[in-house]
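Data block below; observations after.
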Amino acid sequence: MRPTVRVESLQIIPTGAGAGAEVSAPDFALNRITEVQFEALYRAWLDHLVLLVRGQHLSDDDLIAFSRRFGQLDWAPIQESGRRFVEGHPELYVVSNVIENGVPIGSLGAGEAAWHTDMSYQERPPKASILYALEVPPGGGDTWFCNMYRAYGSLPAALRERIAGMRLKHDATYNSGGYVRQGSIAVDDPLTSAGVYHPLAPVHPETGRRMLYLGRRRNAYIDGLPLAESEALLDELWSYAARQEHSWRHQWQKGDLVLWDNRCTMHRRDSFDSASRRILHRTQIQGETVPSA
Ligand code: SIN
């Protein structure tokens, strides 16, 4: 396990799991972060893939302003209910099971959310996502993060050689909760479902490290292979990706902010009691085309 690092007043404490570190400092408030602290945080984010900062008190404007320090923001996807955005904040995606006046205020309900990379059905998927907890249930709803550098590193050499240069279709039909995205038609044939192709084992544009880039399992398809062969190869790759030794599990507290590198991680969420309330606000930082080499 990597040791705790101190930069300026910041302590960066690795989780000791497959990914992640907690960042803390006395009275650390992300809406007052200094330039030097931000540089240390950015470096730690590239090194640890997922960062946790506890005890924050952020308004939506604070969350957006902090997120903008990483780059321009993507607009949030339309929610399953057809509800577009948080009024006045098109950058905010609401993850919630809460229903108000008969209408869900957010996405993904209270069920399990399957392993995925956010919005990888876009030509330019977000480079980062930032999730801030406003209300959390007393139990359940933990979020797991998986380190896709480690997943790639754990593949047998022959499998790495086999997938070199291959491209994978990332499905645009279903979200991670299994709901059909607004404007999509339910299609369960990976050959014909809507989506975009990305390299299966790209190099991270900032760290130069190679990773496995799977996006999500449902309706995934490896370009040019017979469907049965694509399915078998994907099952084999997934058996390496979603291993506990590559992962870190986060148990949420109110005021937690979790920031992940959306290029070299996947995440999933446990289900929780639908009678309890869970509300998190998420931003997405614009990314680039996934590099082909
Ligand atoms: C997400 O996939 O962005 C949401 C994860 C969660 O609900 O914890």
Side-chain angles (χ1 to χ4, degrees), residues 15 17 19-20 45 49-54 56 60 63-64 67 70 73-81 85-86 89 91-99 104-122 125-146 148 170-182 214-218 241-242 247-274 276-287:
T15 61
W45 168 67
L49 291 58
V50 190
L51 296 182
L52 162 66
V53 186
R54 292 214 190 259
Q56 297 302 298
D60 284 339
L63 176 60
I64 289 168
S67 303
F70 288 83
L73 304 188
D74 272 323
W75 279 22
I78 302 172
Q79 319 216 147
E80 300 114 39
S81 61
F85 305 113
V86 177
H89 292 305
E91 307 90 343
L92 286 183
Y93 182 67
V94 179
V95 177
S96 186
N97 64 317
V98 173
I99 297 179
I105 66 164
S107 287
L108 303 182
E112 181 186 345
W115 284 112
H116 65 285
T117 295
D118 288 330
M119 297 160 69
S120 64
Y121 52 85
Q122 296 189 161
K127 73 174 190 177
S129 297
I130 302 182
L131 192 57
Y132 176 58
L134 298 161
E135 289 187 51
V136 296
D142 298 349
T143 307
W144 296 70
F145 295 90
C146 161
M148 300 304 281
H170 291 234
D171 179 56
T173 315
Y174 297 99
N175 71 16
S176 58
Y179 301 93
V180 176
R181 291 185 192 282
Q182 273 292 312
L214 294 178
R216 60 194 70 219
R217 180 65 185 87
R218 193 165 184 182
S247 305
W248 170 58
R249 172 189 196 170
H250 176 54
Q251 292 176 289
W252 290 93
Q253 296 174 13
K254 181 178 174 193
D256 283 355
L257 179 136
V258 174
L259 150 70
W260 63 91
D261 189 327
N262 193 49
R263 299 162 290 192
C264 53
T265 61
M266 295 193 299
H267 55 284
R268 64 168 286 280
R269 186 199 66 201
D270 291 337
S271 61
F272 57 98
D273 180 359
S274 58
S276 52
R277 290 167 63 95
R278 188 176 188 271
I279 306 178
L280 300 99
H281 283 186
R282 193 186 80 191
T283 54
Q284 309 72 216
I285 322 301
Q286 270 181 21

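Please read these numbers as outputs of a predicted model, since none were measured by experiment. Numbering of ligands and ligand atoms starts at 1, following listing order.
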> Under 3.5 Å, side chain of N97 to main-chain N/O of R278, donor-acceptor pair present?
Replying inline: yes
> Going by the order shown, which atoms of ligand 1 are within less than 4.0 Å of some heavy atom of H267?
Replying inline: 1 (C), 2 (O), 3 (O)
> Of all residues at least two apart in sequence or in a different chain, which pass the side chain to side chain donor-acceptor pair (under 3.5 Å) check with R217?
Replying inline: E231, D235
> CZ of R54 to CH2 of W252: how many Å apart, nearest 0.5 Å?
Replying inline: 9.5 Å
> Considering only heavy atoms, which of T143, D118, N97 lies nearest to atom 8 (O) of ligand 1?
Replying inline: T143
> W45: what forms a ring pair (Phe, Tyr, Trp, His ring centres under 6.0 Å) with it, not counting sequence neighbours?
Replying inline: Y42, F70
> Which is closest to atom 6 (C) of ligand 1 in terms of heavy atoms, R268, R278, M266, H250?
Replying inline: R278
> To the nearest 0.1 Å, how far is atom 5 (C) of ligand 1 from its closest protein heavy atom, and which atom is that?
Replying inline: L131 CD2, 3.9 Å
>> Nearest non-hydrogen contact with atom 2 (O) of ligand 1 belongs to which option: M119, E112, H116, R269?
In response: H116
> Would R218 and D171 satisfy salt bridge (charged side-chain N to carboxylate O under 4.0 Å, His left out), going step by step from the backbone distance to the final call?
Replying inline: CA-CA 7 Å; R218 193 165 184 182; D171 179 56; over 6 Å; no
>> Can you confirm, on distance only, whether ligand 1 has an N/O atom lying under 3.5 Å from any N/O atom belonging to R282?
In response: yes
